[in-house]
Asker: 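Structure provided below as structure tokens; questions to follow.
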Amino acid sequence: MERLRAALGGLAFVVAIFGGIVVIRVLTRALYAAIWFAETVATFAFACLVGYVVYRILLGSSDDPRRSV
């Protein structure tokens with residue numbers, strides 16, 4: 001009976017270590033994907049902002065409501 005308990009304890013230890021590695025790998029990949037997505041969104045927003053500023057400069061108009069068109 002003790003051998004069975006020892007075998008089950010060893011198996012539980014192996015599952016805990018392997019499961020821990022799998023959980024860490026899944027979490028790091030999910031974090032990597034989230035950071036990649038946030039970086040993509042931020043780059044797109046920055047490109048839109050720069051594009052808008054360049055468009056306004058090249059168009060030569062202003063957003064100032066006091067200025068009549």
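What you see below is based on every heavy atom in this structure, not just the backbone, and it leaves out hydrogens, waters and symmetry mates.
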Asker: Mind listing the side-chain donor-acceptor pairs of residues 21-42 below 3.5 Å, one per line with the distance, residues two or more places apart or on another chain?
Answerer:
residue: Thr28; atom: OG1; partner: Ile24; partner atom: O; Å: 3.0
residue: Thr28; atom: OG1; partner: Arg25; partner atom: O; Å: 2.9
residue: Thr40; atom: OG1; partner: Trp36; partner atom: O; Å: 2.8

Asker: May I ask you to list the residues sharing a hydrophobic cluster with Val14, side-chain cutoff 4.5 Å, ordered by chain and number?
Answerer: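 Besides Val14, the hydrophobic cluster comprises nothing; the residue is isolated.
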Asker: Each residue besides Phe44 in its hydrophobic cluster should be listed here, by chain and number; the cluster joins Ile, Leu, Val, Met, Phe, Trp and Tyr at side-chain heavy-atom distances under 4.5 Å.
Answerer: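 Result for Phe44 is none, singleton.
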